[in-house]
Amino acid sequence: MATIDEHQILKALSTVHDPDLKKDLVSLGMIRGISVTEGGDISFQVVLTTPACPLKDEIRQSCIDAIRAELPAAERIDVEMTAEVTSSCSHGHDDHHHEDGHQCSGGQCGGQEERPLKEVKNIIAVASGKGGVGKSTVAVNLAVSLAATGASVGLVDADLYGPSIPTMFGLHSEQPKVVEKMLQPLEKYGVKLMSIGFLVETDTALIWRGPMASSAIKQFITEVAWGELDYLIFDLPPGTGDIQLTLAQTIPLTGAVIVTTPQDVALADVSKAVNMFAKVNVPILGVIENMSWYELPDGSRDYLFGQKGGERFAKARGLAFLGSVPINRSVGEGGDSGTPAVIGTPDSSAAEAFKSASKEVARQISIANASPSSSCCCS
């Protein structure tokens, strides 16, 4: 029997490309732990850039096919699919200049030693141009879906005037502990959580001017013990106000996810949100269309708010379309009961849509982090 060695296996796998990153798995450093037995059994790991990779099965089968074609003497082929989430701020750097002449210090640009949230690999803003589009519902289900894949996830309720995370996670009476002057985030469904709703009475109205709100957001960034996270999601208030600008100017955002409904009035405000993020140099990861349709008992769809408005908007602006989420009774009921749809009704059409959208978000983050322009995390 012909001897199979590691070099031959790597040669075979060098023909397999990551469909998104457009490079072969070997040059990307995604092949590890190659082992060959005397009987010709081959085993190795493929280290993906996110556990939520929607192309996991396709990549695994491509690896097996490549080895079978190149090394017909191989017997059993065992491919273990693992993941290490990438970060746009994985390269520590000192002060440097950009082409526009702007000088960045390590703290501003995301140097690993100085920048806030230095143990967080990716920071995602979930935003909308207007209220009432289900932005918080989307943020919650994205966070829980990502956590269910094995990623470490945190969620910040940055809507200080209308916090919804305590209700949507069923944590009305819970309060975070303080350890060594740091707030300890609450945790449920595998997601670390922080909200102003955990710190004030439920019926207390916050009468804060912009600077006070901005200060509170900064405290959620610097005075909460988030620890190591793959993804930290900020559920932003609607609009383009102080909190959005504070976030963009304080931490290196990986990108923003924009939530809309199909209605023209919602899309007009979405355009403003996209323009705002562009002005502060925050990439748009994509657009999610919520309340896309209502499924009737006979299986037909009633497009209550128009059809494919979010998808058309994304295409017109050159943005990724991350998916459509239908109107489903279970989504509203889950939000009120503290059980997100992806947990309470995992087989529903809405839950499936949320899970699919979360994989697309993770995919867009991996693509963005692989881009040479992502080496500097200035926001």
Side-chain angles (χ1 to χ4, degrees), residues 117 120 123-128 131-206 208 213 216-238 243 247 257 259 290 325 328-346 348 350-351 354-355 358:
L117 302 172
V120 177
I123 305 170
I124 308 158
V126 176
S128 66
V133 300
K135 171 186 49 58
S136 294
T137 298
V138 170
V140 166
N141 282 279
L142 287 181
V144 175
S145 295
L146 287 170
T149 68
S152 52
V153 182
L155 176 61
V156 180
D157 190 349
D159 191 348
L160 302 179
Y161 303 107
S164 56
I165 296 304
T167 298
M168 300 185 82
F169 278 87
L171 297 171
H172 302 279
S173 59
E174 300 291 331
Q175 289 187 324
K177 297 179 180 179
V178 178
V179 177
E180 296 181 353
K181 299 182 179 180
M182 296 290 285
L183 285 166
Q184 306 299 305
L186 300 180
E187 185 168 345
K188 193 170 184 180
Y189 305 127
V191 180
K192 292 183 178 180
L193 305 163
M194 184 52 62
S195 170
I196 195 70
F198 298 144
L199 305 175
V200 300
E201 295 295 331
T202 304
D203 57 354
T204 299
L206 293 183
W208 287 356
I217 291 299
K218 289 180 180 178
Q219 285 183 295
F220 284 172
I221 293 169
T222 61
E223 298 179 23
V224 175
W226 291 109
E228 296 183 2
L229 292 176
D230 293 320
Y231 307 102
L232 179 59
I233 298 172
F234 280 78
D235 176 22
L236 298 180
I243 291 177
L247 191 66
V257 172
V259 181
N290 194 27
V325 181
N328 192 300
R329 184 188 300 274
S330 65
V331 176
E333 292 176 345
D336 290 340
S337 67
T339 308
V342 295
I343 297 293
T345 55
S348 67
F354 283 129
K355 288 183 280 189
S358 73

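All residue numbers in this chain count up from 1 along the given sequence.
Applying the side-chain hydrogen bond (donor to acceptor under 3.5 Å, both in side chains) rule to D230 yields the partners S152; only residues at least two apart in sequence or on another chain are considered. Every residue two or more places apart in sequence or in another chain that forms a side chain to side chain contact (heavy atoms under 4.5 Å, CB included) with E333 is listed here: R329.
I196 and P163 get closest at one heavy-atom pair: CG2-CG, 3.7 Å. The nearest pair of heavy atoms linking S145 to K355 is OG-CG, 3.6 Å. Taking all atoms of both residues into account, the shortest heavy-atom contact from G134 to N290 is CA-ND2, 3.5 Å. Closest heavy-atom contact between P176 and L183: CG-CD2, 4.0 Å. In terms of heavy atoms, T149 sits closest to L146 at OG1-O, 2.6 Å. Between A351 and A341, the shortest heavy-atom contact is CB-O, 3.7 Å.
Distance CD1/I243 to CG/L160: 4.0 Å, rounded to 0.5 Å. Residue S164 holds its OG atom at 6.5 Å from NZ of K135, rounded to the nearest 0.5 Å. Rounded to the nearest 0.5 angstrom, I233 CD1 and I123 CD1 are separated by 11.5 Å. Separating the CD atom in E187 from the CG atom in L171 is a distance of 11.0 Å, to the nearest 0.5 Å.
Between S358 and L142 the shortest side-chain heavy-atom distance falls below 4.5 Å. Put simply, the side chain of V331 reaches to within 4.5 Å of the side chain of F354, judged on heavy atoms. With a 4.5 Å cut-off on side-chain heavy atoms, P238 and D159 count as touching. Residues V138 and S128 form no side-chain contact, since every pair of their non-hydrogen atoms from C-beta on lies 4.5 Å or further apart. Counting only heavy atoms from C-beta outward, the side chains of I221 and F234 approach each other to under 4.5 Å. Using a 4.5 Å cut-off on side-chain heavy atoms (C-beta onward), F220 and D157 make no contact. For the pair V144 and F169, the minimum side-chain heavy-atom distance is below 4.5 Å.
Looking only at distances, a side-chain donor or acceptor of Q184 sits under 3.5 Å from a matching main-chain atom of M182.
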List the steps, then state whether side-chain contact (heavy atoms from CB on, under 4.5 Å) holds for L193 with F198. CA-CA 9 Å; L193 305 163; F198 298 144; 4.1 Å; yes

